[in-house]
Structures are given as C-alpha cells and as structure tokens.
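Quick notes on the structure that follows.
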Amino acid sequence: MILLVFTSSNCPHCPKAERVVREIAPDYSDKGVSHEKIRMKTPEGKDFSLRYHFMSTPTILFLDEEENEVGRIVGAPSENSLRNKIEKLLGLKKSFLSNLFEK
C-alpha cells in the first residue's frame with residue numbers, strides 16, 4: 001500500500017499532514033507501506049487530482065498495488081487516526097462491531 005500526500009505551498013495544514021505521514025508510515029514498511037509527497041501544482045499532482053477526484057489539500061490517498069484507491073483522509077490527521085486507518089486497511093485492526101459480534 002502506498003500513501004500519497006497531496007500538498008500545496010499555500011496550505012497551512014499541509015506541513016502537519018506531511019510530518020505525520022513521514023513519522024508514521026515507516027512503522028509499517030515491513031507490511032509493504034510506503035509514502036510519497038506530491039505537490040498539486042506539478043503535472044503529476046494535477047493528473048492524480050483528476051484521476052481520483054479531489055480538489056483540496058492536504059489529501060492523503062491510500063492506494064493498493066494496482067493504484068486503486070482503498071482509502072482517503074482529507075485534512076491533516078492526528079497520529080492516532082492515521083495509525084488506525086493504516087491498520088484497518090491492512091487488516092491489522094478489527095472494527096468495534098466486528099469485535100463484539102465475532103465468534
């Protein structure tokens with residue numbers, strides 16, 4: 001899974017999103033998680049925003065090996081919310097209801 005962090009130079013929340021991803025994603029590298037920062041003004045950034053239909057920054061996209069979107073966070077997440085999202089998408093964390101009703 002790859003985390004793409006989309007940023008823009010005039011975004012006040014982008015530095016926090018970048019920092020959180022840069023600090024947390026390496027903890028899951030043994031599970032195949034990597035990350036990349038993409039600036040929205042670049043041709044690559046514009047292409048991704050059209051392909052995945054988003055306009056605001058920061059946006060964090062979670063892509064599988066085939067570049068299919070499996071998750072998204074708009075805004076700067078806390079460390080805990082990013083960890084929870086990664087662990088849920090990797091199947092490392094079950095939902096509250098799954099824990100209640102699983103036999």
Side-chain angles (χ1 to χ4, degrees):
M1 179 170 58
I2 185 165
L3 281 66
L4 299 179
V5 184
F6 294 90
T7 65
S8 62
S9 58
N10 59 351
C11 168
H13 304 289
C14 289
K16 179 185 177 197
E18 291 175 52
R19 180 188 55 77
V20 170
V21 170
R22 191 174 53 249
E23 291 176 359
I24 301 301
D27 293 348
Y28 300 93
S29 63
D30 62 330
K31 306 279 191 248
V33 174
S34 62
H35 68 284
E36 183 178 341
K37 172 184 159 182
I38 299 177
R39 303 205 44 88
M40 287 297 295
K41 289 184 180 179
T42 65
E44 181 184 32
K46 291 175 184 177
D47 178 53
F48 274 112
S49 71
L50 290 172
R51 188 178 336 162
Y52 295 104
H53 309 288
F54 68 91
M55 302 282 289
S56 62
T57 57
T59 295
I60 303 168
L61 292 182
F62 299 80
L63 305 179
D64 65 14
E65 297 79 26
E66 290 84 35
E67 294 191 358
N68 296 311
E69 181 180 344
V70 294
R72 158 185 315 218
I73 295 175
V74 177
S78 68
E79 291 182 14
N80 282 339
S81 65
L82 182 60
R83 281 188 191 282
N84 286 335
K85 183 78 164 180
I86 292 170
E87 290 176 9
K88 182 179 175 189
L89 291 171
L90 290 175
L92 302 173
K93 187 173 208 160
K94 295 182 180 178
S95 72
F96 176 75
L97 292 176
S98 294
N99 285 331
L100 281 178
F101 296 110
E102 191 173 87
K103 293 181 181 186

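Positions are given from 1 along the sequence.
For the pair Ile86 and Lys31, the minimum side-chain heavy-atom distance is 4.5 Å or more. A heavy-atom distance below 4.5 Å is not found between the side chains of Tyr28 and Met1. Residues Ile73 and Phe62 have side chains in contact (heavy-atom distance under 4.5 Å, counting atoms from C-beta outward). Under the 4.5 Å side-chain criterion, counting only non-hydrogen atoms from C-beta, Thr57 is not in contact with Thr7. Proximity of Val20 to Ile60: side-chain heavy atoms (C-beta onward) are nowhere separated by under 4.5 Å.
Listed by first and then second residue, the ring pair (Phe, Tyr, Trp, His ring centres under 6.0 Å) pairs involving residues 5-27 are Phe6-Phe48, Phe6-Phe54 (not counting sequence neighbours). For residues 68-91, there are no ring pair (Phe, Tyr, Trp, His ring centres under 6.0 Å) pairs, not counting sequence neighbours. Residue pairs meeting the salt bridge (Lys or Arg N to Asp or Glu O under 4.0 Å) criterion with at least one partner in residues 32-41, sequence neighbours excluded, are Glu18-Lys37. Residue pairs meeting the salt bridge (Lys or Arg N to Asp or Glu O under 4.0 Å) criterion with at least one partner in residues 56-67, sequence neighbours excluded, are Arg51-Glu67.
Rounded to the nearest 0.5 angstrom, Ser78 OG and Arg83 CZ are separated by 10.5 Å. Between the CD1 atom of Ile38 and the CD atom of Glu44 there is a distance of 4.0 Å, given to the nearest 0.5 Å. In this structure, the separation between CG on Leu89 and CG on Asn84 is 11.0 Å, given to the nearest 0.5 Å. A distance of 10.0 Å separates CG in Leu63 from CZ in Arg72, rounded to the nearest 0.5 Å. Separating the SG atom in Cys11 from the NZ atom in Lys16 is a distance of 12.0 Å, to the nearest 0.5 Å. The CG atom of Leu3 sits 6.0 Å away from atom CG of Leu82, with the distance rounded to the nearest 0.5 Å.
For Glu79, the salt bridge (charged side-chain N to carboxylate O under 4.0 Å, His left out) test picks out Arg19, with sequence neighbours left out. For Lys46, the side chain to side chain contact (heavy atoms under 4.5 Å, CB included) test picks out no residue, with sequence neighbours left out.
Both Val21 and Leu92 belong to a common hydrophobic cluster when Ile, Leu, Val, Met, Phe, Trp and Tyr are linked at side-chain heavy-atom distances under 4.5 angstrom. Side-chain heavy atoms closer than 4.5 Å link hydrophobic residues (I, L, V, M, F, W, Y) into clusters, and following such links, possibly through other members, connects Val5 to Leu90. Under the 4.5 Å side-chain heavy-atom criterion for grouping Ile, Leu, Val, Met, Phe, Trp and Tyr, Leu4 is not connected to Val70 through any hydrophobic cluster.
Considering every non-hydrogen atom in both Lys85 and Gly71, the closest pair reads CE-CA, 4.1 Å.
Residues Asn10 and Ser8 bring a donor and an acceptor atom of their side chains to less than 3.5 Å of each other.
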